[in-house]
Amino acid sequence: MPPVVTAIVAATDVTMAFKIIGAVFLVIVCGSALFLKPCPDDFVPEGWTPPVNVKSYAHDKNWKEMLKTPIFYIMILTLTCGAFSGMMIISQASGVAMNMIGMAPASAALAVSVLALFNVLGRIAAGFISDRIGRINTLAGALVLSMFGLGALYLCHKGTIALFYLGIAVVGICFGSFMGVFPGFTVDRFGAKNNSVNYGIMFIGFALAGYFGPSVMRSIFAADGAYQRAFLIALVFDIAGIILTFLYRLVLNKTEGGNH
């Protein structure tokens with residue numbers, strides 16, 4: 001979408017771009033919704049048998065019961081930490097590309113699309129991996145990988161296009177990993193029955209990252225004229241997220257006698 005929106009803005013103006021894209025999304029979303037059908041209770045795909053080695057501790061907690069568990073607060077803080085760098089970079093990717101790397105507006109819009117592409121790939125890959133090594137292990141790995149992506153961005157300067165693309169690709173994968181894993185992660189912990197409400201509350205962690213990440217990025221660029229200090233702050237959030245994954249395991253072992 002970013003290159004399309006950029007072209008529309010260049011041909012008309014920002015207001016018209018909002019109207020056109022909004023109308024297109026309205027038709028696509030509402031039209032697609034007409035084809036959705038509720039999944040039957042206890043549905044199992046034909047010919048598929050659930051793996052016997054997958055252990056779940058969920059017993060369908062409602063949102064009030066979920067809020068009484070210490071594991072919820074660890075999870076929502078982990079989501080905030082994991083989404084912080086992604087929300088920070090996504091919101092300012094075009095500006096970073098132009099101000100730090102020296103890209104033209106059209107190339108900067110393409111960079112946003114590349115980030116979005118790797119975001120999607122991260123969701124798919126992390127979902128696949130988490131089914132095999134566990135949700136928390138996948139999230140911890142994504143946080144470690146995110147640190148490398150932020151390190152690459154920290155080293156960027158005018159003309160380092162390849163390094164910039166490497167950094168945003170890695171950050172995009174890691175951000176997508178959190179978005180792909182956390183819905184199932186919430187089901188694992190609190191059950192599927194009330195997940196529409198439970199995950200809606202859990203998603204507050206994402207909203208916090210969506211507010212503070214871009215705010216920090218904008219404030220630091222306004223103060224420093226550069227983004228490097230923002231990347232370091234995001235690194236601190238990644239480290240905090242890694243610590244929270246260990247705390248999650250500790251609390252889970254104490255409260256439910258296992259790790260998933």
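Judged purely by atom type and a 3.5 angstrom limit, Thr80 uses its side chain to pair as donor or acceptor with the backbone of Gly205. Without hydrogens or angle criteria, Asp13 side chain to Thr15 main chain gives a donor-acceptor distance under 3.5 Å. With hydrogens and angles disregarded, a donor-acceptor distance shorter than 3.5 Å links the side chain of Asn198 to the backbone of Lys61.
The shortest heavy-atom contact between Gln228 and Cys156 is NE2-O, 3.3 Å. Scanning all heavy atoms of the two residues, the minimum distance from Ser177 to Leu139 falls at O-CD2, 4.4 Å. Residues Asp60 and Ala192 come closest through the heavy atom pair OD1-N, 3.2 Å. Across all their heavy atoms, Ser130 and Arg135 have their closest contact at OG-NH1, 2.9 Å. Between Ser85 and Gly82, the shortest heavy-atom contact is OG-O, 4.2 Å. Counting all heavy atoms, side chain and backbone alike, Asp238 lies closest to Ser146 at OD2-OG, 2.8 Å.
Between the CG atom of Leu115 and the OG atom of Ser94 there is a distance of 11.5 Å, given to the nearest 0.5 Å. If you take CE on Met87 and OH on Tyr211, they are separated by 13.0 Å, rounding to the nearest 0.5 Å. The CG atom of Asn137 sits 14.5 Å away from the CZ atom of Arg132 when rounded to the nearest 0.5 Å. Between Met88 atom CE and Arg218 atom CZ the span is 12.0 Å, to the nearest 0.5 Å. Between the CD1 atom of Ile101 and the CZ atom of Phe164 there is a distance of 5.5 Å, given to the nearest 0.5 Å. Atom CD1 of Ile8 is separated from atom CZ of Phe18 by 11.5 Å, given to the nearest 0.5 angstrom.
Cluster annotation: Phe178 and Leu77 are assigned to the same hydrophobic cluster (Ile/Leu/Val/Met/Phe/Trp/Tyr, side-chain heavy-atom contacts under 4.5 Å, transitive). Met217 and Leu232 fall within the same hydrophobic cluster, defined by Ile, Leu, Val, Met, Phe, Trp and Tyr side-chain heavy atoms under 4.5 Å apart, directly or through other members. Linking Ile, Leu, Val, Met, Phe, Trp and Tyr residues whenever their side-chain heavy atoms come within less than 4.5 Å places Val144 and Val171 in a single cluster. When hydrophobic clusters are built by joining Ile, Leu, Val, Met, Phe, Trp and Tyr residues whose side-chain heavy atoms come closer than 4.5 Å, directly or via intermediates, Leu79 is grouped together with Val197. When the side chains of ILVMFWY residues are joined at heavy-atom separations under 4.5 Å, either directly or via intervening members, Leu121 and Val112 end up in two distinct hydrophobic clusters.
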Before giving the answer on side-chain hydrogen bond (donor to acceptor under 3.5 Å, both in side chains), spell out for Arg123 and Asn119 the whole-Å C-alpha distance, their side-chain angles and the decisive distance to 0.1 Å.
-> CA-CA 6 Å; Arg123 295 170 189 247; Asn119 177 3; 3.0 Å; yes

Using the rule given for side-chain contact (heavy atoms from CB on, under 4.5 Å), can you reason through Phe185 versus Met202, listing the C-alpha separation, both sets of side-chain angles and the distance that settles it, and then say yes or no? CA-CA 10 Å; Phe185 192 26; Met202 186 70 72; over 6 Å; no

Could you please spell out the steps behind the side-chain contact (heavy atoms from CB on, under 4.5 Å) verdict for Ile201 and Leu67?
CA-CA 9 Å; Ile201 295 173; Leu67 293 179; 4.2 Å; yes

- Trace of the side-chain contact (heavy atoms from CB on, under 4.5 Å) decision for Phe206 with Phe175: CA-CA 10 Å; Phe206 176 87; Phe175 177 73; 3.3 Å; yes

Where do Ile242 and Met147 land on the side-chain contact (heavy atoms from CB on, under 4.5 Å) test, with the steps shown first?
-> CA-CA 11 Å; Ile242 293 170; Met147 294 175 66; 3.8 Å; yes

- [ ] I would like to know whether Arg189 and Tyr248 meet side-chain hydrogen bond (donor to acceptor under 3.5 Å, both in side chains); could you show each step before the answer?
- [x] CA-CA 11 Å; Arg189 293 276 55 82; Tyr248 170 88; 2.9 Å; yes

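Phe190 places none of its side-chain heavy atoms less than 4.5 Å from the side chain of Glu65. Side chains of Val96 and Ile89 form no contact here, defined as non-hydrogen atoms less than 4.5 Å apart. When side chains are defined from C-beta on, Tyr165 counts as touching Leu110, because their heavy atoms get closer than 4.5 Å. Considering only heavy atoms from C-beta on, Ile233 comes within 4.5 Å of Ile220 through its side chain.
Atom NZ of Lys158 has more than 12 neighbouring heavy atoms from other residues, nucleotides or ligands inside a 6.0 Å radius. The environment of OH in Tyr199 is crowded: more than 12 heavy-atom neighbours from other residues, nucleotides or ligands sit within 6.0 Å.
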